[in-house]
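Right, one structure below, let's go through it.
All values below come from the heavy atoms of this structure, side chains included, with hydrogens, waters and symmetry mates left out. Bear in mind that the values here come from a model prediction, so they are computed numbers and not experimental data.
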Amino acid sequence: MADAVLNNEGTRNPLGFLKDSFPAVAVITIVLAIILPMPPVLLDALMAINLVFALMILLIVLYTQKPTEFSLFPTLLLVSTVFSLALNVSSTRLILNDGERFEGQMIKAFSNFVVGSSGDEGLVVGFIIFIIIIAVQVIVITKGATRVSEVAARFTLDSMQVKMMAVETEYSSGAITEEEAQRRKAQIQKESDFYGSMDGASKFISGNVKVGVFIIIVEMLGGFIIGSTIRGEQNVVSIYIRLAVGDGLVTQLPALLISTAMGIVVTRAAATGILVDQVIEQILERDSLVYWICAAVLVVLAVLPGFPWYVLLPMAALVAFHAYRTGQRKKRTASINEAMARTRDQKEERPADFPPVVPLDPLSLELGYGLVPLVEKEKGAELLERVQGVRRQSAYDLGLVIPKVRIMDNSILEPSEYCFKIKGVDSGRGKIRLGYYLCINPGTVSAEMEGEKTVDPAFGLPAIWIDQEKRDEAERAGYTVVDPPSIIATHLTEIIRRSAADILGLQDTQGILDTLRKEYPAVVDEALKEGRGLRVPEIQKIFHGLLRERVSIRNLVSILEAVADYAPVSKNIWFLTEKARQALSSQICHQYADEDRRLRVLTIDPSLEQRIIDAKYETASGLVCALDPPTQKAWIKAVVKAVSAIKERGWMPVILCSEQARYLVKNSTDRELPDLAVLSVQEIVSSVIPEAVGMIRIEETE
């Protein structure tokens with residue numbers, strides 16, 4: 001932790017030092033504020049900070065998932081209590097010293113707001129309101145929260161041993177792992193410590209309120225004595241009651257907010273989730289009969305003589321509308337559940353229709369019910385044709401025959417939502433609007449158009465939805481306009497390119513080899529030759545290595561010839577994959593070269609490249625680049641900077657390095673820059689002219 005505040009020269013970072021010392025300085029300053037006097041301007045600023053701080057605590061409590069997530073709350077209660085008392089003492093000192101010349105604007109503003117300027121009548125009313133506020137806080141909120149915290153602490157402590165034994169029982173039976181058991185025990189201990197601390201911290205609030213009332217009484221009595229006997233002031237009662245009421249409100253209002261926050265925390269002991277979500281779930285989504293009865297009672301009250309019908313009837317209409325919407329939603333949910341149950345019963349009645357184990361689909365597309373018209377034959381089934389076109393194009397681009405895409409509806413999805421899954425795993429989803437077009441700004445738009453803002457699901461680009469009438473206008477403005485079936489097809493194309501290695505299974509690899517053997521039996525037999533060649537799973541791994549870097553495996557003959565040539569030398573998958581890439585060097589170079597056959601590349605500082613090679617580490621799953629964390633961080637930062645500079649010039653970023661470093665460079669950058677192309681010198685063909693446009697280097701690390 002000490003290194004966190006050191007700069008590159010090894011000296012102390014001033015900002016880090018201030019951050020570490022701020023809590024201690026703040027607490028000491030708060031305590032000293034009780035003794036030391038302060039000017040009115042500083043007092044106003046600190047009172048405003050106290051009010052905002054209390055409001056922030058209340059909001060954090062309202063939007064916290066579990067009470068124990070805010071474990072700092074008891075400590076903040078103590079700090080806020082001491083802070084509030086310090087401000088109260090300081091304000092009392094200023095009021096008694098200055099009297100009618102007191103210049104604290106926060107206290108004056110609160111006193112004028114409550115007391116007003118209507119003479120003695122306003123003074124009496126304001127003082128009564130102040131007494132009522134204090135009584136509500138002392139008798140209702142603080143006392144109730146203190147009692148709940150005591151009960152919660154006692155029951156949490158009593159049940160702690162039982163919960164610990166339950167965790168031990170689950171661990172002994174093998175139901176949970178040792179890590180899970182330790183995590184649950186730590187959570188139980190955390191809950192016990194939290195509610196124990198809350199039990200003690202609740203006394204801070206109750207004590208703060210009592211001391212605050214005492215200070216206000218002393219402030220009024222002291223003001224009467226000093227003002228009338230020493231200073232000879234006129235209207236002593238009006239002056240000091242106003243200032244005392246304002247002082248009490250400006251210090252007790254933050255205490256009231258924190259008391260409310262404490263009450264919410266201790267009363268949500270068994271709750272999880274945000275409070276707003278719980279209110280919606282447990283109150284607003286109840287049986288509609290409750291709201292119908294409430295609406296009927298409001299109507300009855302509205303027709304009785306003397307009741308404000310103009311208030312009650314609109315309120316009854318709102319409650320009735322909510323009851324109707326709730327009833328319709330529950331009916332719709334019940335019908336869906338009934339249909340699912342009926343389908344499940346039919347499956348259970350006819351088990352022979354299904355095999356014992358249903359394999360997952362290699363690639364599937366699930367649609368919300370609002371998108372089902374895209375695949376209905378009566379409406380053209382345009383999406384089916386687009387999917388077939390994507391499969392044909394992917395076979396041409398990647399050399400991989402994509403299995404049939406199973407398309408089904410999914411009632412769990414939103415009506416306008418779709419989801420792609422690869423072997424049952426969610427691989428991409430998006431939302432589209434039927435009857436609308438997606439407009440993407442390619443950077444050449446001449447005039448901006450208005451529309452519903454969204455994001456292109458395939459590439460994450462900002463876009464807008466427009467209706468059909470504005471399509472021609474958008475195309476003239478320079479937008480790329482895409483219809484709903486094309487959106488899904490484009491997204492499918494990108495998913496196939498990104499996840500081709502996950503789609504290619506062992507059975508698919510065997511099918512590829514069997515098909516190739518019909519015309520090139522010698523090539524396949526030599527690559528799979530017993531004793532010298534590879535097995536099918538190893539061929540599959542080579543294909544995976546190529547597809548992960550978006551290298552087409554359509555030229556199977558060249559790939560297998562390279563494997564057959566170098567397999568007798570080494571059966572290392574990384575080595576053979578590099579040789580396969582070199583066999584496809586012309587294809588790879590032209591994939592990234594410009595129209596004038598120039599390949600703009602980034603090179604790596606030779607010393608840095610050697611460090612990457614030296615960091616090579618071989619694991620059971622392959623080679624990895626094991627740079628130390630500081631060097632890895634600096635390396636990624638340098639690569640990102642260089643790549644960004646190349647993209648700004650309109651070129652595709654390509655890194656050129658030696659054969660020994662190529663795979664390690666790709667491995668070390670794959671998480672942060674998965675689409676970055678990395679080529680070795682041996683992959684450059686004579687028909688392509690490499691042009692170095694930058695060098696990647698990092699500062700030396702200690």
More than 12 heavy atoms of other residues, nucleotides or ligands under 6.0 Å from CZ of F459: yes or no? yes
Passes side-chain contact (heavy atoms from CB on, under 4.5 Å), Y479 versus N441? Steps please. CA-CA 5 Å; Y479 281 94; N441 186 350; 4.1 Å; yes
Should the heavy atoms of other residues, nucleotides or ligands under 6.0 Å from OH of Y566 be counted, would the total exceed 12? no
Has H590 got a side-chain atom pairing as donor or acceptor with S586's backbone, closer than 3.5 angstrom? yes
One should read off an interatomic distance between W574 CH2 and K579 NZ, to the nearest 0.5 angstrom, of 8.5 Å
Is a side-chain N or O of S427 found less than 3.5 angstrom from the main chain of V425, in a donor-acceptor match? yes
Looking at E385 and R392, does any basic side-chain N land under 4.0 Å from a carboxylate oxygen? no
Go through the steps to decide whether R386 and I488 satisfy the test side-chain contact (heavy atoms from CB on, under 4.5 Å), and finish with yes or no. CA-CA 9 Å; R386 298 292 180 87; I488 299 178; over 6 Å; no
Short side-chain to backbone donor-acceptor contact, K423 and D502, under 3.5 Å: yes
Shortest non-hydrogen pair, R649 vs V693, comes out as NH1-O, 3.9 Å
Would you say the side chain of L400 lies within less than 4.5 Å of the side chain of S394, judging by non-hydrogen atoms? no
Does S668 use its side chain to pair, donor to acceptor, with the backbone of V665 at less than 3.5 Å? yes
Separation between CG of L384 and CG of L365, rounded to the nearest 0.5 Å: 9.5 Å
Is there a side-chain contact between I588 and E549, using heavy atoms and a 4.5 Å cut-off? no
Answer yes or no: is there an ion pair linking K431 with E414, defined by an N-O contact shorter than 4.0 Å? yes
Above 12 or not: heavy atoms from other molecules or residues under 6.0 Å from CZ of F53? yes
How close do V445 and E448 get, counting heavy atoms only, and between which atoms? CG1-N, 4.3 Å
Kindly list each side-chain donor-acceptor pair under 3.5 angstrom involving residues 636-645, sequence neighbours excluded, with atom names and distances?
residue : atom : partner : partner atom : Å
S644    : OG   : V640    : O            : 2.8

Any sub-3.5 Å donor-acceptor pair from H544's side-chain atoms to L504's backbone N or O? yes
Side-chain ion pair, E672 and K633, N-O less than 4.0 Å: no
I'd like to check T490 versus D456 (side-chain heavy atoms, cut-off strictly below 4.5 Å). Are they in contact? no
With a 4.5 Å limit on heavy-atom distance, are the side chains of W635 and I612 in contact? yes
Donor-acceptor pair, distance only, cut-off 3.5 Å: does the side chain of R662 make one with the backbone of V678? yes
Please check this pair: side chain of K666 against backbone of P674, looking for a donor-acceptor N/O pair closer than 3.5 Å. yes
Under a 4.0 Å N-O cut-off, is there an ion pair linking R517 with D514? yes
Under 3.5 Å side-chain donor-acceptor pair for R581 and S680: no
With rounding to the nearest 0.5 angstrom, report the SG to CZ distance, C589 to R597. 11.5 Å
For the residue pair L516 and V557, establish whether any side-chain heavy-atom pair is separated by less than 4.5 Å. yes
Closest heavy-atom pair and its distance - A692, T603: CB-CG2, 4.3 Å
Could you walk me through whether L492 and L363 pass the side-chain contact (heavy atoms from CB on, under 4.5 Å) test, one step at a time? CA-CA 10 Å; L492 174 60; L363 184 59; 3.8 Å; yes
Just checking Q507: does its CD atom have more than 12 heavy atoms from other residues, nucleotides or ligands closer to it than 6.0 angstrom? no
Using 0.5 Å steps for rounding, measure from the CG atom of D361 to the CD1 atom of I422. 12.0 Å
Go through I539 and L528 one step at a time and tell me if the side-chain contact (heavy atoms from CB on, under 4.5 Å) criterion holds. CA-CA 9 Å; I539 298 292; L528 299 176; 3.9 Å; yes
Donor-acceptor pair, side chain of S585 and main chain of I684, under 3.5 angstrom: no
Closest non-hydrogen atoms of A501 and R548, given as atom of the first, atom of the second and distance, are CB-CG, 3.7 Å
In Å, rounded to the nearest 0.5 Å, how long is the span from OG1 of T669 to CG of L664? 10.5 Å
Are any of the side-chain heavy atoms of L623 and F575 separated by less than 4.5 Å? no
Testing the basics here: between P568 and D565, what is the closest heavy-atom pair and its distance to 0.1 Å? CD-O, 3.6 Å
Is the closest side-chain heavy-atom distance between I412 and E366 below 4.5 Å? no
Determine whether a donor-acceptor pair (N or O, by modelled atom type, separation under 3.5 Å) exists between the side chain of R391 and the backbone of I402. yes
Atom CG of D614 and atom SG of C625: how far apart are they, to the nearest 0.5 Å? 10.0 Å
Within a reach of under 6.0 Å around CE of M408, are more than 12 heavy atoms found that belong to other residues, nucleotides or ligands? yes
For P485 and L383 the tightest heavy-atom approach is O-CD1, 4.0 Å
Taking E609 for the side chain and S658 for the main chain, is one N or O donor matched with an acceptor at less than 3.5 Å? yes
Less than 4.5 Å apart, any side-chain heavy atom of T577 and any of L546? yes
